[in-house]
Every structure is written in C-alpha cells, then in structure tokens.
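Atom set for the values below is all heavy atoms of this structure, side chains included, hydrogens, waters and symmetry mates excluded. Protein chains get the first letters and strands the later ones, always in sequence-line order, with residue 1 at the start of each.
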Amino acid sequence: MTGLSGFATNFPSLGVARIGVGIGEASASPAAISLLGDYFERRMRATILSLYFVGSYLGIGVSLVVGGAIIAAWQAAYPDFAAAPLHLRSWQAAFIGVGLPGIVLALLVATTIREPETGALEGIPQQRVKKPLRAVFEDIGSMIPPWSFLHLANKGRKNDLLVNIAGALAVVMLVAVVVSATDGLLRPERRAVIATLGAFSITTNVVQWTAIGIAVYAVGSWLQSVRLSDPVTYRLTAGSGTFRALVWASGFLGTLQNSLFAFVFLYGSRKFAFGAQSGVLLGSIAAAAGALGATAGGFAGDWAKRQHPAGRVYVSMAALTLVCISSIVQYMTGHVLTFYVAYTVASLFNTVWVGCLQATAQDLVLPRMRGIAFGLKSLSAAVIGLGLGPLPSRPDQRCHRQSAGGDTQFPVERSLRPDLPVLRRPPSLPR
Amino acid sequence: MDRRLEIELDGDPDGCCLDQDGGIWIGLGKSQRFVRVHAGRTLQSVATPGRKAVACQLGGTDGRTLYCLTAAGEVADIGKANLARIETLTVVRRRGRLSLIMRRLYRWYVLAVLILIYMVNQVDRQIVTILAPLSEARPLLDRRATGTVVRTAFALFYGVLGIPLAKLADAWHRVRTLWLGLLFWSA
C-alpha cells in the first residue's frame, strides 16, 4: 500500500492506500511481540521489548533522512519529471522507495524465521485454535452491528443483547452531545466542512468524534462477545483491574509523550529564539536520549523485577516522577543551558516505561493471548490519541501536523528542510 | 520403507532410549559408558567404570533422570547373584556447542529483523508528513481537512482492526501473519 501510494492520482485513492497501510501495520506488532515471547525468557522481557520499541525511534530518523535523500536524488536526476521512468515525480519515487525494503524484509521473514511453539519456552504449551480464520471473522463480526446483535442473540443471555443495544444507543447519543458541545467551542476554520448530507454538514469535528464512538462501541461489543466465547481471555485482560490500569496508563502516557515533545521547538523558538541549528540539536537529543532511555529502562526494569515482583512498575513510576520534575524546570527556566539539561533528562526518562509496562502486560496473560494483550494496549493509545487529537490542533497547519506526528519529527524536519514555510505564531500564546 | 542411518557405533551397543530433544541415549556395553547421540554426533558421555553399560531409560517428573542398568563381570557370568545394578543420574539438557551458539545467535537475529520491521512500519507511517510540504506534492497530500479524515481513519483501523489481527497472529501463525501484513502494507 505504501508503494501503491506512489501511483495515486487523486486524493481518494491515496486515502484508501493510507488506510491500507494502517490495516497492514496493525498486524505487525502483535505477531512480533508474541514471537519474542517464545524466543526470549520471561525474565528478560522488558529488555527485549524495549529494544524492539527502539525501532520506532530509528524509524522516525530514517524516514527523514531517506525521504529527503530520495527526493533530492530524484530531482537532481530528473529535473523534468516527464523524462523520468513512468513520469514519476520525486514524491512518488519516495513512496515507492520506502515501500521496497518492506518487500525484501517480508521475503526474509518468510524464508528465515521459524515459528516456535507458542508457550513452549515458558513450559505452558497452548492448545491450538481449530479454525483460526473463522475465529477472526467472528471477532470482526462481534464489533459490527447487526452481526454483533445476532452473535449475542445466539450465544448470550437476553440481558447481553439488551446491554449491547443500549450501549450502541448511548454511544450514538454521546457522540451527538459531544459534537454539538464542542462545535460551539471551535472556531469555524477549525471544524472545516468536508461534505454535506442534506442540511447536515459533516465537519472534521464530527468525523473525529464519530470515529471515537465507533471505536468505543466496537471494543465494548467485542469484549462482551469474548466474555462469552473465551472467558479466560476476558478475565485475564479486560476483566483484570491490573490489566485495565496498565491499558489506561500507557494510553495516557503515550499521548503525554507525544504532546510534551511536539511543541518543544515551538516553545524554544519563541522563548529563546531558537533557529534551525537548535532544532537539529533538540531532535538529536530526543532521538538519542529516547532510545537510550528505553533500552536502559528495559534493563533496569528486568533487574528491579528480580528484586521485587512489581519492580518494573516502580521503575516506571520513578522515571515518570523525574520526567515531571525536569519538565517543570525546563518550562520555568529562563536559562538556555538549564533548559537543555532539563530537556535531556526528561527525554531520557520519558521512554523508560515503554518496555517495562509492555512486559508487565505480557506477564499477566497466557502465551496464546500475547497478541491480544498488545492489541488492547495500543488500541487505548489510539482512542485516547484520537480524543485528545482535536484539542491541541490549531489552524496553523504546521503545528497541527506535528502534534499528530510525534516527538522528534518537528525539530528535525525543520532543520533538514529549511525551505518549509515559516511557522506562523498562534496569537493566543504569549511570546 | 524410508530408511535413514542415524549413527554408526563401535563396540557392542546394547539398550537405548529417546529423550525429549530428539537425542538417543545408548548403553555401549563393554565400552563401559552411556552416550547421548544427536544428529549423528556423540554429544554427552557418562562412564561406568568397571561395569558394562547394558540398558537405560529416562524417567522422573521432568524426564531428566536417566536410569542406567549396568552389570559387572562377563557374559558368562549372567545369572550369578548381585552383579547387575540400576543407578540413576540427572542429565542436563545439553546440545552441541556450535548448535548452542547458533541457537543463541539466531534469536538475536530474529530480534534484529523484528526491529527493522518496526522501523519500516514507522517510516511508512511518517513518510506522508515528510512529503506533504513538497510543492509538487502539495495538491495531493497537503489538504488539512481531508488529511484529518485520513489520519482519523488510519488511527481507527490501526486500533480497532488491531484486535482481530492480533487474534489472527495468536490463533493462526505469527510468522505468516507478520510477513503477509508486511507485504500488504509495503507493496
């Protein structure tokens, strides 16, 4: 879907390709994390998962460097795109260029990676599901009405169906209430109209809250159905208070992580008149300290786990306390060096929890539920991100994109591409 | 019949048994030792000084106790009193050194490949943001309102469909789920 994006000629086809990327990517991490659980012992879980998550920091850096390099090379080789192979423009070449390594990796995985027996390393052999594809389609069905109703009518008690229908109605009403409440708060340019349906205009605000509503219903309905068909999975995940706390915590922490770093360059450029050079520095610090903090956090978490059963959670709590303290210092100080030091400390400790909490969630479930446990965790991050997404977004297009993009990207992008349009300063923030 | 040579042995091998890892423990009779062979190579050896190694069997709760039947004297002495003896010893799981090293390295290779995949995952997610400011791509990529819709749909599909896809990995085959998914989003 990434490669195909390069051949998109209009916005709808590009949009479909991007959604395809989202669906494909959703399958990767659950499978990878479950595999790692069978290749590495439980006691090194936080270390291994932290190393895995470092891949995302590498990815942000690589996307900037490789994307820029392909564009530069293509524009130098074919100043007139009509002369280029297939009349490709540089951005199209960049899409195709970043898609190709994925295909090579897919072949490498298919030929060289063995499927270990689930749970063998932990000594908990798992029963195989007899008809896996059917189970998957049943799962999808349990998220979408009317199949979700039918499913519960067949398997559940009368109450389950009633609860489900009441839940669906409640979600619809809540979305309507929230949309009308927030529409009044947003300026018209922040709720652009995308399409009109009769007298009703569909704004970006409507789309975002509808998406959250769909997600909430889908997950609630899925949980209801799992409770009936696989009570063990339900009890170990959504039915467990510890697991629920972990899911909420990592959802909010992920959002915090993104938003805390999304505006750091903006803040620095206003308070200390940072230029592009400082942008590179901020970006490099965030990437290096983030990767280092995640790796060291994994080691520290596994060490602490050997000292105390809740060691990984304590490590995360300690690290996050340090993040809070250093962030307060960072945004209170008028001294540039103090700002940098506090920023470095915050970046270093802000990724410690990633591997620790993921390992804790994995420890709570049986080997056959590892993928689901990860899926539930990342879902909460996605839904909370969707909910908080509209709030920091501003009409200033650059800020908006950054808040959705993530931490290191903004400063690095600014510094690598000085030709970007100059940032417009949102008038509401004091200088 | 599909015949295959497992191993050739010297001396007068006698009883044997299989272990959990696909190895074979063999009593080597007059050579006075029990050996464990795997994939045509002798990997472990237990000497029984002064006694013939007759037969062996693995047992115990974890299948790690080797019951060794040994006998003193010669074949002619069979039937005489108190010459045979069964001793037990706990055998540790040991593989060939090279295969052990390869196994240790292999899982780090798996981790490296998975990290690379996660990296590609992130690159493919970020690339639109990087290309959008390009003047020639702007008409197609840099549309704020519709961009919001696509981003929202991306998050919705990534999050909600993540659960059935995780189930696919858990219930079906993780390696296949991984490479098919990777091929789908990269192509």
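Top candidate by heavy-atom pairs under 4.5 Å with chain B, chosen from Ala32(A), Gly67(A), Ala110(A), is Ala110(A). Top candidate by heavy-atom pairs under 4.5 Å with chain A, chosen from Leu111(B), Ile117(B), Val113(B), Leu180(B), is Leu111(B). Annotation: maximal heavy-atom pairing with chain B below 4.5 Å, among Gly99(A), Ser56(A), Gly371(A), occurs at Ser56(A). Comparing Ala28(A), Gly24(A), Gly15(A) by heavy-atom pairs within less than 4.5 Å of chain B, the highest count is held by Gly24(A). The choice from Gly181(B), Ala169(B), Pro164(B) that makes the most heavy-atom pairs within less than 4.5 Å of chain A is Pro164(B). Taking Leu178(B), Leu161(B), Leu183(B), Asn121(B) one by one and counting their heavy-atom pairs under 4.5 Å with chain A, the maximum is reached by Asn121(B). Among Ser142(A), Pro30(A), Gly22(A), the residue with the largest count of heavy-atom pairs under 4.5 Å with chain B is Gly22(A). Ranked by heavy-atom pairs under 4.5 Å with chain B, the list Ala135(A), Gly102(A), Ala373(A), Gly375(A) is led by Gly102(A). Interface check for chain A: of the options Val175(B), Asp170(B), Val160(B), Leu116(B), the most heavy-atom pairs under 4.5 Å are formed by Asp170(B).
Going from atom CG of Leu165(B) over to atom OG of Ser29(A) covers 11.5 Å, rounded to the nearest 0.5 Å. Atom CG of Leu35(A) sits about 5.0 Å away from atom CZ of Arg174(B), to the nearest 0.5 Å. Rounded to the nearest 0.5 angstrom, Lys167(B) NZ and Asp230(A) CG are separated by 6.0 Å. A distance of 11.5 Å separates CG in Leu114(B) from CG in Leu51(A), rounded to the nearest 0.5 Å. Annotation: the span from Ile113(A) atom CD1 to Trp179(B) atom CH2 amounts to 13.0 Å, rounded to 0.5 Å. Taken to the nearest 0.5 Å, the OG atom of Ser27(A) stands 8.0 Å off from the CG atom of Leu168(B).
A side-chain donor from one of Thr112(A) and Tyr109(B) sits under 3.5 Å from a side-chain acceptor of the other. With no hydrogens or angles considered, no side-chain donor-acceptor pair links Arg125(B) and Ser63(A) at under 3.5 Å.
Shown here for Ile127(B) and Arg18(A), the closest heavy-atom pair between the two residues is CG2-NH1, 4.3 Å. Shortest non-hydrogen contact noted between Ile103(A) and Ser186(B) is N-CB, 3.9 Å.
Both the backbone and the side chain of Ile48(A) have a heavy atom closer than 4.5 Å to some heavy atom of chain B. Only the side chain of Ala218(A) comes within contact range of chain B, with heavy atoms under 4.5 Å apart. The part of Arg368(A) that comes within reach of chain B is its backbone (N, CA, C, O), which places non-hydrogen atoms under 4.5 angstrom from that chain. Looking at Phe137(A), neither its backbone nor its side chain comes within 4.5 Å of chain B, counting heavy atoms on both sides.
Ring pair Phe53(A)/Tyr118(B) is perpendicular by interplanar angle, where above 60° counts as perpendicular and below 30° as parallel.
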Item to check | Verdict with supporting geometry, Ile163(B) and Met143(A), side chain to side chain contact (heavy atoms under 4.5 Å, CB included) | outcome: CA-CA 10 Å; Ile163(B) 287 180; Met143(A) 294 177 159; 4.0 Å; yes
Checklist entry - Would Trp185(B) and Thr2(A) count as a side chain to side chain contact (heavy atoms under 4.5 Å, CB included) if you check the C-alpha gap in whole Å, the side-chain angles of each, and the deciding distance to 0.1 Å? => result CA-CA 6 Å; Trp185(B) 96 62; Thr2(A) 305; 3.9 Å; yes
Item to check | Chi angles and distances behind the side chain to side chain contact (heavy atoms under 4.5 Å, CB included) call for Val54(A), Ile115(B) | outcome: CA-CA 7 Å; Val54(A) 166; Ile115(B) 292 174; 5.7 Å; no
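More than 12 non-hydrogen atoms from other residues, nucleotides or ligands lie less than 6.0 angstrom from OH of Tyr106(B).
Distance alone, capped at 3.5 Å, places no donor-acceptor pair between the Asp124(B) side chain and the Val21(A) backbone.
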